[in-house]
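This report concerns only the one structure given below.
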Amino acid sequence: MEAEGTRNELNEQHPMKGGDGLYSYANNFEIQRAASDATKQLINMAIAEKLDKEILLNSKTFRIADLGCSVGPNTFFAVQNIVEALESKYKQCQELNSQISEFLVLFNDHTTNDFNLLFTSLPQNRPYYAAGVPGSFYDRLFPKASLHFVHSSIAAILWLSGAPKEVMNKNSPDWNKGRIHYLNSGAQVVRAYKAQFVKDMEQFLQVRAQEIVYGGLMVLIISGIPNGTHHSQGLQCMTLDLLGSCLMGLVRKGIVSEEKVDSFNVPIYEMSPQELEAGVERNGCFSIETIEYIHHKRLDNHSHSVMNAKVFASHVRASLERIIKKHFGEDILDVLFDSFRKKIEENPSIFKSVKKVNFFVLLKRRAAN
Ligand SMILES: C[S@@+](CC[C@H](N)C(=O)[O-])C[C@H]1O[C@@H](n2cnc3c(N)ncnc32)[C@H](O)[C@@H]1O
Ligand SMILES: [Mg+2]
């Protein structure tokens, strides 16, 4: 058996593509932006109604963390929303008025994230101090009881700490041969991914429970599948399945070796709200204050906008380029995403049966019994 620590060292890092080129995340952020607009109201309500006054009264420095912040600009919109909501709460409470705290925002992402770009594009005149905290959010990142508000938006928590070991093991019955994800892979592979998700979710909540003060809030904005939906209808699953078949196409052309595809498994799990709830309940350190579907015209239309093959392909490329490049090398990128785009153009209704949901979850750190 592999030691637990070894796995951590092997943890894959797959931040979004930095820089500001055509395929960079900064230029492909519309979907995330739509989610952040839609959640502004929900964040206001969370802070107005669910944040205890005592937390504000007792903190000279109010500490906010954004986990999986990438390079902006969405993280800046999100933290601006949070700080404005906090300021208006201060203003509304006479008692708090004299005590306004200072805000410290801790921007977290993998160590290989383009923190230079993040820092150079920080808004001027921002009403908060800023710091970067590199590392995986499946590990401890912050001192005990040091955070008051944690935020993590779309597609961050979708990433597992790594693909399940079994699916990468040639000698295991769960070996994921010829595929890069779990759609169409057989029940054992799906089970292995689900087990990894359950383990990672528990780890995530365990470490956050240590870092967040009692009564502190955590907002998770998640892009997943609706309750009761089969994973085969998930957008990520369908996208990765299509990408996997493009990679197999490159195998047939002799551009990529079959072993490379066999050993490549994208560590993404698309959860339903119910699966998230079950994880929170199992962990027991947080209460679920709100869990709500997010509706927004641009988000709801996303499955239609995927019909714009070029835009969709460049969006998928922005989020997967690093992990693909690391495994297969840079040379295959253009040809791979070209064939991906063509497949959608040839079959524009390919994503017609997608069932996708974005949901907002507000958790509150329970006080110890
Ligand atoms: C699609 S981006 C979302 C960025 C931003 N939160 C937004 O809403 O626009 C997902 C980010 O999560 C980060 N991420 C994924 N797994 C992570 C982990 N275990 N620890 C820290 N960051 C992680 C990725 O590096 C990536 O930058
Ligand atoms: Mg594989």
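In listed order, ligands and their atoms are each counted from 1. Just so it is clear, the model here is predicted, and its values are computed rather than measured.
- Near Ser70, with a cut-off below 4.0 Å to any heavy atom, the atoms of ligand 1 are 4 (C), 27 (O).
- Between Ser136 and ligand 1, an N or O atom pair is found at a separation short of 3.5 Å.
- The hydrophobic cluster containing Val207 does not contain Val133, counting ILVMFWY residues as joined when their side-chain heavy atoms lie under 4.5 angstrom apart, directly or transitively.
- Ring geometry, Tyr293 versus Phe359: the interplanar angle falls from 30° to 60°, so the pair is classed tilted.
- When only interatomic distances are considered, the shortest N/O to N/O separation between Tyr138 and ligand 1 does not fall below 3.5 Å.
- Exactly one residue among Leu336, Leu243, Leu333 makes a side chain to side chain contact (heavy atoms under 4.5 Å, CB included) with Arg317. That residue is Leu333.
- Annotation for ligand 1: atoms under 4.0 Å from non-hydrogen atoms of Asn74 are 7 (C), 9 (O).
- Only the side chain of Trp159 comes within 4.0 Å of ligand 1, judged by heavy-atom distances.
- Ring geometry for Phe115 against Phe119 counts as tilted: the plane angle lies between 30° and 60°, on a 0 to 90° scale.
- Of all heavy-atom pairs between Arg179 and Asn184, the closest is NE-O, 3.0 Å.
- Contact annotation: Lys177 places no N, O or S atom under 2.8 Å from the Mg ion (ligand 2).
- In this pair, Phe107 and Phe76 present their aromatic rings perpendicular. The plane angle is above 60°, beyond the 30 to 60° band.
- Near Gly135, with a cut-off below 4.0 Å to any heavy atom, the atoms of ligand 1 are 20 (N), 21 (C).
- Checked for salt-bridge contact, Glu345 and Lys310 miss the test: no charged N lies under 4.0 Å from a carboxylate O.
- When each of Glu275, Gln196, His181 is tested with Tyr269 by the rule side-chain hydrogen bond (donor to acceptor under 3.5 Å, both in side chains), just one qualifies, namely Glu275.
- The nearest pair of heavy atoms linking Tyr182 to Cys237 is CE1-SG, 3.4 Å.
- Each of the following atoms of ligand 1 lies closer than 4.0 Å to a heavy atom of Ser153: 6 (N), 8 (O).
- Among the backbone and side-chain atoms of Gly178, no N/O/S atom is found under 2.8 Å from the Mg ion (ligand 2).
- Asp262 contributes O as its N, O or S atom closest to the Mg ion (ligand 2).
- Those atoms of ligand 1 with a heavy atom of Cys69 less than 4.0 angstrom away are 4 (C), 5 (C).
- Neither the backbone nor the side chain of Ser152 comes within 4.0 Å of ligand 1, counting heavy atoms alone.
- At under 3.5 Å, a nitrogen or oxygen of Phe137, whether backbone or side chain, sits near a nitrogen or oxygen of ligand 1.
- Using a 4.0 angstrom heavy-atom cutoff, Thr75 does not count as in contact with ligand 1.
- Under 3.5 Å, the side chains of Ser232 and His230 contain a donor-acceptor pair of N or O atoms.
- Residue Asn108 places no N or O, backbone or side chain, under 3.5 Å from any N or O of ligand 1.
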